[in-house]
Amino acid sequence: MRKLIVANWKMNPVSVAEATKLFLGIQKTTKALRRTQTVVCPPFLFLEALSKRRKTVQCALGAQDSFWKDEGGYTGEISLQQLERVDVEYVIVGHSERRALGETDAVVNKKVKACLARSFVPVLCIGESERDADGAYLSFIKEEMEKSIAGISAEKLSRIVIAYEPIWAVGASAKRPDTPNEFFEMAVFIRKTLVGILGRKHRNMIMGIPILYGGSVNEDNAEGFLKDGNAAGLLVGRASLDAKRFSVILRVSDKVKVNK
Ligand code: PGA
């Protein structure tokens with residue numbers, strides 16, 4: 001399975017010219033990659049322009065969010081039907097920065113369902129705000145997952161990507177990145193939780209769901225998460241805003257041997 005490296009540009013950069021420059025810089029690297037699928041998620045505003053500058057299949061476009069209805073009176077929202085027309089294949093759903101603005105698990109669930117009803121790949125973000133010694137964070141993750149994927153068939157979920165992003169490791173105010181070992185254990189826990197939700201008979205499908213790590217990923221720690229953490233890929237924020245830094249991560253990913 002190819003590694004999946006997702007760039008989350010968040011509310012950056014300021015202009016379409018800068019966005020295009022960054023996108024072209026990233027594509028210079030992606031065209032040589034063999035074992036890595038890159039997904040760039042710019043602000044909505046730049047998607048159309050970037051879709052016209054897409055040169056390689058190794059570099060896909062993603063959205064940072066979406067709405068679950070197709071059209072109508074939903075001021076400020078962007079629908080999947082609209083995103084389909086600008087080449088978007090992946091959609092980040094339930095990012096912690098959106099949840100911090102009030103997005104609930106119930107809303108996240110509607111968005112995941114809507115992505116899977118069309119042909120999008122939802123990148124479902126989950127993660128706790130604190131890691132306590134008693135393991136309450138594990139119950140939090142379990143509940144967050146149960147609610148986010150409630151009522152969705154195993155068949156549909158075979159297309160989902162899960163990004164584990166502990167909130168304390170995300171963004172400029174992060175305490176530290178997670179460790180590859182802790183991520184490895186969390187990925188096991190996430191798969192166990194999925195088996196609990198969907199049933200043992202779907203174990204093989206569940207083993208195939210990519211689980212990415214996100215939170216302060218950079219060119220120095222990427223290899224550890226992919227190799228020792230056995231991550232199926234990475235969700236990269238700050239380090240994806242610099243074509244050189246992000247390219248180092250992409251090349252590292254391409255060198256790491258394919259997951260078993
Ligand atoms: P960061 O962001 O890499 O800047 O910590 C990751 C994310 O929010 O997806």
Side-chain angles (χ1 to χ4, degrees), residues 1-12 22 26 29 33 35-41 62 64 90 92-100 123-142 144-145 148 161-191 193 209-257 259:
M1 208 196 281
R2 282 187 301 170
K3 299 272 185 260
L4 188 63
I5 310 291
V6 183
N8 177 13
W9 288 358
K10 309 190 181 185
M11 204 167 66
N12 304 289
L22 180 54
I26 290 170
T29 305
L33 304 181
R35 292 199 282 237
T36 303
Q37 174 66 53
T38 308
V39 181
V40 171
C41 305
Q64 297 173 18
Y90 295 77
I92 297 174
V93 184
H95 190 279
S96 57
E97 288 159 7
R98 296 220 54 82
R99 292 181 190 262
V123 180
L124 170 65
C125 298
I126 54 169
E128 78 283 357
S129 56
E130 238 188 305
R131 198 168 282 174
D132 60 303
D134 305 326
Y137 70 98
L138 293 173
S139 326
F140 176 86
I141 294 289
K142 182 167 175 274
E144 192 175 45
M145 284 179 62
S148 303
V161 170
I162 294 179
Y164 172 63
E165 292 209 310
I167 299 170
W168 47 265
V170 170
S173 55
K175 278 194 209 146
R176 60 167 177 93
D178 202 354
T179 65
N181 273 352
E182 282 172 320
F183 168 75
F184 185 90
E185 279 167 24
M186 181 52 84
V188 171
F189 178 77
I190 290 169
R191 288 197 205 283
T193 304
I209 292 180
I211 303 181
L212 318 184
Y213 170 73
S216 300
V217 171
N218 59 35
E219 53 281 44
D220 299 322
N221 62 25
E223 185 172 3
F225 286 109
L226 294 169
K227 230 189 211 169
D228 308 328
N230 200 32
L234 303 165
L235 179 49
V236 188
R238 284 157 294 162
S240 71
L241 290 170
D242 178 322
K244 282 204 181 106
R245 290 182 68 195
F246 191 57
S247 293
V248 174
I249 295 173
L250 292 173
R251 281 191 224 102
V252 161
S253 154
D254 223 47
K255 273 194 211 130
V256 173
K257 285 270 176 299
N259 278 349

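None of the values given here were measured: they were computed from a predicted structure. We use all heavy atoms of the structure for the numbers below, so side chains are in, but hydrogens, waters and symmetry mates are not.
- The CG atom of Leu124 sits 9.0 Å away from atom CD1 of Ile190, with the distance rounded to the nearest 0.5 Å.
- The line from CZ of Arg238 to CG of Asn218 is 8.5 Å long, rounded to the nearest 0.5 Å.
- A salt bridge does not link Arg131 with Glu185: every distance from a Lys NZ or Arg NE/NH1/NH2 to an Asp or Glu carboxylate oxygen is 4.0 Å or more.
- In terms of heavy-atom proximity, Ala7 sits nearest to Ser240 at CB-CB, 3.5 Å.
- Remark: the backbone N or O of Ala169 is paired with a side-chain donor or acceptor of Ser216 at under 3.5 angstrom.
- From Ile211, atom CD1 reaches atom CG of Leu4 across 12.5 Å, with rounding to the nearest 0.5 Å.
- In this structure, Ile126 and Ile162 approach most closely via the heavy-atom pair CD1-CG2, 3.8 Å.
- In this structure, Lys10 places its NZ atom where more than 12 heavy-atom neighbours from other residues, nucleotides or ligands lie under 6.0 Å away.
- Within 6.0 Å of CZ on Phe189 lie more than 12 heavy atoms contributed by other residues, nucleotides or ligands.
- Side-chain atoms of Asp228 never come within 3.5 Å of backbone atoms of Thr179 as a donor-acceptor pair (strictly under, hydrogens ignored).
- Using modelled atom types, one side-chain atom of Asn12 and one backbone atom of Trp9 make a donor-acceptor pair closer than 3.5 Å.
- Asp254 places a side-chain N or O within 3.5 Å of a backbone atom of Arg35 that can act as its donor or acceptor partner.
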request  = Evaluate the side chain to side chain contact (heavy atoms under 4.5 Å, CB included) criterion for residues Glu130 and Ile167: first the C-alpha distance (whole Å), next the side-chain angles of each, then the deciding distance (0.1 Å), finally the verdict.
outcome  = CA-CA 7 Å; Glu130 238 188 305; Ile167 299 170; over 6 Å; no

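- Gln64 places a side-chain N or O within 3.5 Å of a backbone atom of Cys41 that can act as its donor or acceptor partner.
- Here the closest heavy-atom approach between residue Ile141 and residue Gly127 is recorded as CD1-CA, 3.6 Å.
- Tyr90 approaches Gln37 most closely through the heavy-atom pair OH-CG, 3.9 Å.
- A pairwise comparison of heavy atoms in Asp178 and Phe183 identifies OD2-N, 3.8 Å as the closest pair.
- Side-chain atoms of Ser253 do not come within 3.5 Å of backbone N or O of Ile249 as any donor-acceptor pair.
- Closest approach of Ile92 to Cys125, counting heavy atoms only: CG2-SG, 3.7 Å.
- Of the possible donor and acceptor atoms, one in the side chain of Asp132 sits under 3.5 Å from a partner among the backbone N and O of Tyr137.
- With Arg191 contributing its side chain and Ile209 its backbone, the two residues share a donor-acceptor pair below 3.5 Å.
- From Leu235, atom CG reaches atom OH of Tyr164 across 13.5 Å, with rounding to the nearest 0.5 Å.
- In this structure, Glu165 does not pair ionically with Arg99, as no charged nitrogen and carboxylate oxygen lie closer than 4.0 Å.
- In this pair, Tyr213 and Phe225 present their aromatic rings parallel. The plane angle is below 30°, not in the 30 to 60° band.
- To the nearest 0.5 Å, the span separating CZ on Arg251 from CG on Leu33 amounts to 8.5 Å.
- For the atom pair NZ (Lys244) and OG1 (Thr29), the distance works out to 10.5 Å, reported to the nearest 0.5 Å.
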